[in-house]
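Note sheet for the following structure.
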Amino acid sequence: MLLLLQSTRPWISPHSVRCNRISSSRRCTLASHVCWLHAYSKCMVECAAHSQKSMKEKDPYNYLDVSDDMEVVRLGLKFKDHHRGHVASVIESLSISSFFLIRLTQLNMASTFITMFERLHLFAVQVLSCTNMPFASVSSSINKPIPLKLDVSLPSFEDLKWSLARLIYLFNMQLERNVATFFVVLLVACFSFVVIGGFLFFKFRGHTQSLEDCFWEAWACLCSSSTHLRQKTRVERVIGFILAIWGILFYSRLLSTMTEQFRNKMQKLREGAQMQVLESDHIIICGVNSHLSFILKQLNNYHESAVRLGTANARRQRILLLADLPRKQMDKIADSIAKDLNHVNVLTKSCSLSLTKSFERAAADKARAVIILPMKGDRYEVDTDAFLSVLALQPLPRMASVPTIVEVSNSNTCELLKSISGLKVEPVENVASKLFVQCSRQKGLIKIYRHLLNYRKNIFNLCNFPNLAGTTYWQLRRGFQEVVVCGLYRDGKVYFHPSDNEVLRETDKVLFIGPIYWRRKPQLAYLDDIQEETKGNPKMERLEKSAESSTNPLEVTKARLANVVKRPQKSGSKASDYNLGPKECILLLGWRQDVAEMIKEYDNYLGPGSSIEILSDVPLDERTRTGNLSGQEKLQNIQVSNRIGNPMDYDTLKEAIMRIHGSLGKEEVPLSIVVISDRDWLRRDPSRVDKHAAFSLLLAENICNKHGVKVQNLVAEIVDSKLGKQITRIKPSLTYIAAEEVMSHVTAHVAENNELNEVWKDILNAEGDEIYMKDISLYMKEGENPSFHELSERACLRQEVAIGYVKNKKKVINPNPKSEPLSLGMTDSLIVISELEGEQPIVA
């Protein structure tokens, strides 16, 4: 019908439907409605005419003529008298009203479209004029339309499943990093249930309670499961039941989350990786190996002496143990070692030793010393790990004042570590193999080393005496009565044999052997006290007085030279150009990587014609590969042969001993049997290796005694000192050498006084001065009873430093008083520090 009204065709009134069943009251109502509609239609026609007239005046070009339409409407209104029934009148009136509304809408829309077209035309002209200008396309985005490429399709079920799995995965990842994430999720879910339950209570209770009370009721149901039993209606009971069930789940998960968070926190504290150490003046030990127990015991003895003398800052010394091992394993090791140590507290921390953050958390810049121990057996890995640990310490501030003691395998690594700037590095070369060779050739030498490394006895000390500057070295040697002066420490180097006329400088330090001095330095005695030793010997007293007056100093030297034998009664033990070492035969039982170093060390001490035979079950290919035995052609004095066999097998060991004994014939060549730890015992159980070494040594002694084979030395390398002492008590002819223990004590000494590193480096190196036990016949004649001071002066003529003597197989270091005569027999020995044991040039 509306389409008909919009057309320009003449109005044709449709046939009205006769309604015969309408009541009289209904008819009256319809008549009134029809009258209102007629009036409304007439008003619309007049409004349309008035609007047409005003638009024609304002815009004659955009004017739309609707006079024909209004005429049609007027004609339609004239037919109202011809309509039959009220329904037809209503329909006609509605049709006319709709006609006018649509025509007016068309009129307004046409005007709007014309205005929009004009504006678009003006914009297009402006754009075209702009695009013709230079560089117009640079800033114009119209010329380069970019499609949005929006995907408005719904995701598939697989995509939704993957997205949900990804969300759960991210949540689990965050939960793995931090357990507190689950705690936050629980709190959010809890408050969500409280808010939803409060709104539900507020709605179903018909607003009889305030919203705050409803929230509190929901919280009560969540906190206490019995609260939902007090609900009255069915809906409220269901809501309370759901809140109570969620409350039970919430508190159970909350308790488990808090427990897990506490467990993780305690686990981090146990591991110590994230814990910041708030200590100062502590000692940091990096790494765990066989040296650890000996170092801890040595540090315990050092601090015990400090407590006894009143110089300690704390009752117990704090020691922080760092290692890349599980914390439980470290605690087990520390507890097994430190259970008998009463003056140290061992703390453990599991971390990486190549990260700066690990040392920063360990407060390395506030420590007294940092000790880096090797954790692997391979020499290259040892040096590499040590180098990385030292580099990790370099970025820390104030590390230049903290001594860093590093155990390395060779001297080249020492020079490399010292070249690192900003650190006070003191590399300690592990010369356990060289030390073993020295001690295996001199029975009882290992006891002297252990004595000099025991803080409870006489040790090496370095002390500065600025008030004695200008004093000669001879006055220092004779002036200190309580200690044995060994040399001078000047410009970072040790001089064991300075000239007697050497003048002490203010920056020099005196090296002496004596008890640890701490705050009480040794006092220089007066000359009157020194002269007491010459009483009872008129000749020496007269010579001493003449020496002091410097009128005839050569007479004192000649008198002493008359009692000194120029040539030793036995062959020397260290080869040189003018002093050849003795010819010996050595049977070496066992094998490990540093055997090549031992062979080179033997070559330094033995003379031409010496031989070494190695008996082990290690294949020859592996020996050549790991031991670098290809360099044997560089050896000058010894010949090396290899045999394959088990040293613990009786027949194999017997065959090797008898073959060597038969090859010697009637030639009197000393035979030594040396047992070393088979393979690399650092990677195995030391107690098991000690048992093998002890069994091989006892088996070799049994074979020699049974077949009458004369052996000069029977030596075994044993780690456990208790087992070694037990063996020597049973078999006094046997000797055990704990070379690793001695090297551990050296490391501990350097940790307390890093300047002693140069002292021990010189003593333990074959190219420097060593400790020897020489025949007393080199320094006195039979029937003499010289004092220790007199023996020291005679040893000084041979460029040696006398530090003690051996009387009746008992060793005495730093004897006191030194001026008393000693009743030494010709079978006793004098303990000296010397470069060579054989004949030495005598200085007049």
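Values below: all heavy atoms of this structure, side chains included; hydrogens, waters and symmetry mates excluded. On a predicted model such as this, the values are computed, not experimentally measured, just so you know.
- For the atom pair CZ (Arg450) and NZ (Lys457), the distance works out to 8.5 Å, reported to the nearest 0.5 Å.
- Atoms CD1 and CD1, from Ile813 and Ile459 in turn, are 13.0 Å apart once rounded to the nearest 0.5 Å.
- Here the straight-line distance linking atom CG of Leu435 with atom CG of Leu764 works out to 5.5 Å at 0.5 Å rounding.
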Would you sort out whether Val806 and Val812 count as a side-chain contact (heavy atoms from CB on, under 4.5 Å), showing the intermediate values? CA-CA 6 Å; Val806 180; Val812 179; over 6 Å; no

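- To the nearest 0.5 Å, the span separating CH2 on Trp760 from NE2 on His745 amounts to 11.0 Å.
- The distance from the CD1 atom of Ile405 to the CD1 atom of Ile283 is 9.0 Å, given to the nearest 0.5 Å.
- Side chain of Asp775 to backbone of Ser777: no donor-acceptor contact under 3.5 angstrom is found.
- Looking at Thr311, its side chain never comes within 3.5 Å of a backbone N or O of Val307 through a donor-acceptor pair.
- Within the 3.5 Å criterion, the main-chain N or O of Asp281 finds a donor-acceptor partner in the side chain of Gln317.
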Side-chain donor-acceptor contacts of residues 821-831 below 3.5 Å, not counting sequence neighbours, with atom names and distances?
unit_1	atom_1	unit_2	atom_2	d
Asp828	OD1	Asn808	N	3.2
Asp828	OD2	Gly825	N	2.7

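- Residues Glu741 and Ser744 form no side-chain contact, since every pair of their non-hydrogen atoms from C-beta on lies 4.5 Å or further apart.
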Side chain to side chain donor-acceptor pair (under 3.5 Å) evaluation trace for Asp383 with Ser409: CA-CA 7 Å; Asp383 295 343; Ser409 62; 2.7 Å; yes

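- Under the 4.0 Å criterion applied to side-chain N and carboxylate O atoms, Lys781 and Glu784 are not assigned as salt-bridge partners.
- Between the side chains of Ser440 and Tyr602, at least one donor N or O sits under 3.5 Å from an acceptor N or O.
- Contact of the Phe788 side chain with the Val484 side chain is registered, since non-hydrogen atoms from C-beta on lie closer than 4.5 Å.
- Between the side chain of Asp594 and the backbone N or O of Glu597, no donor-acceptor pair lies under 3.5 Å.
- Counting only heavy atoms from C-beta outward, the side chains of Arg490 and Thr507 never approach each other to under 4.5 Å.
- Proximity of Val759 to Leu511: side-chain heavy atoms (C-beta onward) are separated by under 4.5 Å at one or more points.
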Give the intermediate values and the outcome of salt bridge (Lys or Arg N to Asp or Glu O under 4.0 Å) for residues Glu800 and Arg794. CA-CA 9 Å; Glu800 299 171 351; Arg794 296 178 183 181; over 6 Å; no

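- In terms of heavy-atom proximity, Val425 sits nearest to Lys418 at O-CG, 4.2 Å.
- Formation of a donor-acceptor pair under 3.5 Å by the His497 side chain with backbone atoms of Gln799 is found in this model.
- Between Phe460 and Tyr489, the distance from one ring center to the other does not fall under 6.0 angstrom.
- In the model, Asp508 has no side-chain atom that pairs as donor or acceptor with a side-chain atom of Asn464 under 3.5 Å.
- Neither side chain, Thr472 nor Glu502, offers a donor N or O lying under 3.5 Å from an acceptor on the other.
- Residues Glu584 and Ser610 bring no donor and acceptor atom of their side chains to less than 3.5 Å of each other.
- Under 3.5 Å, the side chains of Gln438 and Tyr449 contain a donor-acceptor pair of N or O atoms.
- Looking only at distances, a side-chain donor or acceptor of Asn757 sits under 3.5 Å from a matching main-chain atom of Pro427.
- Contact annotation: the side chain of Ser389 never approaches that of Leu391 to less than 4.5 Å [non-hydrogen atoms, C-beta and beyond].
- By the neighbour-count criterion of 12 heavy atoms within 6.0 Å, atom CG of Asp491 is sparsely surrounded, having that number or fewer from other residues, nucleotides or ligands.
- Of all heavy-atom pairs spanning Asn816 and Glu482, the tightest one is ND2-O, 3.4 Å.
- Here the side chains of Leu488 and Lys509 are not in contact, with every heavy-atom distance at 4.5 Å or above.
- Using modelled atom types, one finds no donor on one side chain facing an acceptor on the other under 3.5 Å when comparing Arg441 with Asn713.
- The main-chain N or O of Pro374 is found under 3.5 Å from a side-chain atom of Asn289 such that the two form a donor-acceptor pair.
- Looking at Asn300, its side chain does come within 3.5 Å of a backbone N or O of His343 through a donor-acceptor pair.
- Between the Lys818 side chain and the Gln481 main chain, a donor and an acceptor come within less than 3.5 Å of each other.
- Counting only heavy atoms from C-beta outward, the side chains of Asp603 and Asn637 approach each other to under 4.5 Å.
- Side-chain contact between Ile833 and Glu770 is absent, with no heavy-atom pair separated by less than 4.5 Å.
- Note that CG of Leu452 and NZ of Lys447 are 14.5 Å apart. Values are rounded to the nearest 0.5 Å.
- By the 6.0 Å and 45° rule, Arg477 does not stack over the aromatic ring of Phe512.
- Taking the side chain to side chain contact (heavy atoms under 4.5 Å, CB included) definition, one finds that Thr404 meets it with Val370, Ile372, Leu393, Met399, Val406, sequence neighbours left out.
- Formation of a donor-acceptor pair under 3.5 Å by the Gln394 side chain with backbone atoms of Ile420 is not found in this model.
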